[in-house]
There are 2 protein chains.
Amino acid sequence: MRARVLEEATRLFAAQGYDGTPLQQIAEAVGVRKPSLLYHFPSKDALRQAVLDALLSRWADVLPRLLMAAGQGDQIFEGMVREAVGFFTADPNRARLLVRELLDHPQEMKVRLLTQLRPWIEVIARYLRRGQEMGVVRAELDPEAYLVVVANLLVTGIASTELLGVLVASEPDPERQVRELVRVAHDALFVSKEIVPGRAARAGVPPTAVAKPAGRAPARRGGARAARHGR
Amino acid sequence: MRARVLEEATRLFAAQGYDGTPLQQIAEAVGVRKPSLLYHFPSKDALRQAVLDALLSRWADVLPRLLMAAGQGDQIFEGMVREAVGFFTADPNRARLLVRELLDHPQEMKVRLLTQLRPWIEVIARYLRRGQEMGVVRAELDPEAYLVVVANLLVTGIASTELLGVLVASEPDPERQVRELVRVAHDALFVSKEIVPGRAARAGVPPTAVAKPAGRAPARRGGARAARHGR
DNA sequence: CCTACCGATCGGTAGG
DNA sequence: CCTACCGATCGGTAGG
């Protein structure tokens, strides 16, 4: 029952916001009376925090697993992006809820980010710097700032995919938008070799390090697949 | 007086949201009684729309001027990004308000974006395609999707600069984050030549077309200057 | 632009 | 988990 409440509260908070969602409405969605909610959660604010905890605790599992699994440093990008895209496209409410919390409770989120996300950023930033030394990652890239930009890009980009679709084409295609999202993150990260004609590509860059995406057929880079692997 | 109300309402809606801001609080900030607000605006919702109108109407002036001014196609990027960054860093409340409206009133915003933004996206997308034919803009870039991604990136990135700063460094530096924001947009747009050693750079790309940023000193590309040129 | 006021709705409690 | 209920606050109106 507690799980049901969290589920409906997540959906409604994401769609209408905390202030825009009365307990009454959550109770109706769950199928109980309002005071029953306050038996499981001492207050509406406690419910909000429980919803947020449930959302962020999933990342606490996913992040370490990702960093362990990626043996080679250059596979981290694909793994992390695929996981993030999959997580948020499976239920865009997750992304919307995060954005709302960032706006509505900046101080509380600042503490959460600092303790739960900052350590991982430092770890991944070290990988990026190693990539820079190897000439695989763009030298002018600012590791920590890049990671924050991309995290923000993925979360807000997916949160508003449905809405912003009308700007891209008459018949919105979420996959197309997510694909471009991932491409932007990718091309801003790796040193690219696309325009180099022929053998110049071999100059100074270890051929195995950058991995496949650069020279291959464009527009099939994980967004599509990840969007399908669902929840 | 109407202007004063719009000003305070913008600030409070941006910080606390529409549902989180009572008319009473706006009245206090302006220095009048609550019913006086409803003399200038027929309802709270009418006030919200007036605030949004005031914000978006500024872009209706800025966008055309930008596209007129940029004589060369390759200057459009710098001009647009500088203008957008300047506009939103001058008052991050503008960015936050836009993000809130996107979440709280998606249908209404969909109509606004479709009529007020879509035409411009089509125009700029044509410039991008021309750049692709010239080999200056990345071939795998999806013009319309790219523009939406970057617009979203700038708005949300600046909306949360202050908050996300703690993830980048112990002593947050807004300029550093904005700089990386602009770099990501830039490097995901243009074909880069950085790793090409020596004369290979001349192969197939008109030297004057790409303009300066690519080969020069990194990390001084408009974010810093724009952030200073204020409101 | 004000005072006075209203009906509706809110989060939360009493008591079982 | 329910019924019954409360004080506070909300957007908005009457009337001047």
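The sequence lines fix the lettering, A, B, ..., with proteins before strands; numbering per chain opens at 1.
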Taking salt bridge (charged side-chain N to carboxylate O under 4.0 Å, His left out) as the test, write out the residues that go with [X], two or more places apart.
X: A/D53; value: A/R112
X: B/R130; value: none
X: B/E28; value: none
X: A/E8; value: A/R4, A/R11

Write out all pairs satisfying side chain to side chain donor-acceptor pair (under 3.5 Å) with one or both partners inside residues 142-155 of chain B, taking only residues at least two apart or from two chains. A/T156-B/N152, A/R176-B/D142, A/R176-B/E144, B/R129-B/E144
Kindly state each residue pair satisfying side chain to side chain donor-acceptor pair (under 3.5 Å) with at least one member in residues 32-44 of chain A, sequence neighbours excluded. none
Who pairs with A/F41 by ring pair (Phe, Tyr, Trp, His ring centres under 6.0 Å), at least two apart in sequence or on another chain? none
Contacts of type ring pair (Phe, Tyr, Trp, His ring centres under 6.0 Å), residue A/W120, not counting sequence neighbours: none
Stems in DNA chain D, runs of 3 or more consecutive Watson-Crick or G-U wobble pairs with both distances under 3.5 Å, sorted by first number, are C:1-16 with D:1-16
Nearest 0.5 angstrom please: [X] [atom1] to [Y] [atom2], how far?
X: B/R82; Y: B/F77; atom1: CZ; atom2: CZ; result: 10.5 Å
X: A/D45; Y: A/H105; atom1: CG; atom2: NE2; result: 6.0 Å
X: B/L153; Y: B/L181; atom1: CG; atom2: CG; result: 4.5 Å

Please tell me whether B/T21 and B/Q16 have a donor and an acceptor in their side chains that are separated by less than 3.5 angstrom. yes
Specify the residues of residues 26-44 of chain B, ordered by number, for which at least one heavy atom lies under 4.0 angstrom from an atom of DNA chain D. B/K34, B/P35, B/L38, B/S43, B/K44
In numerical order, the residues of residues 2-23 of chain B whose heavy atoms come under 4.0 Å of DNA chain D are B/T21, B/P22, B/L23
When you list every nucleotide of DNA chain D with an atom under 4.0 Å from a heavy atom of chain A, which one comes first 5' to 3', and which comes last? D/dC1 to D/dA4
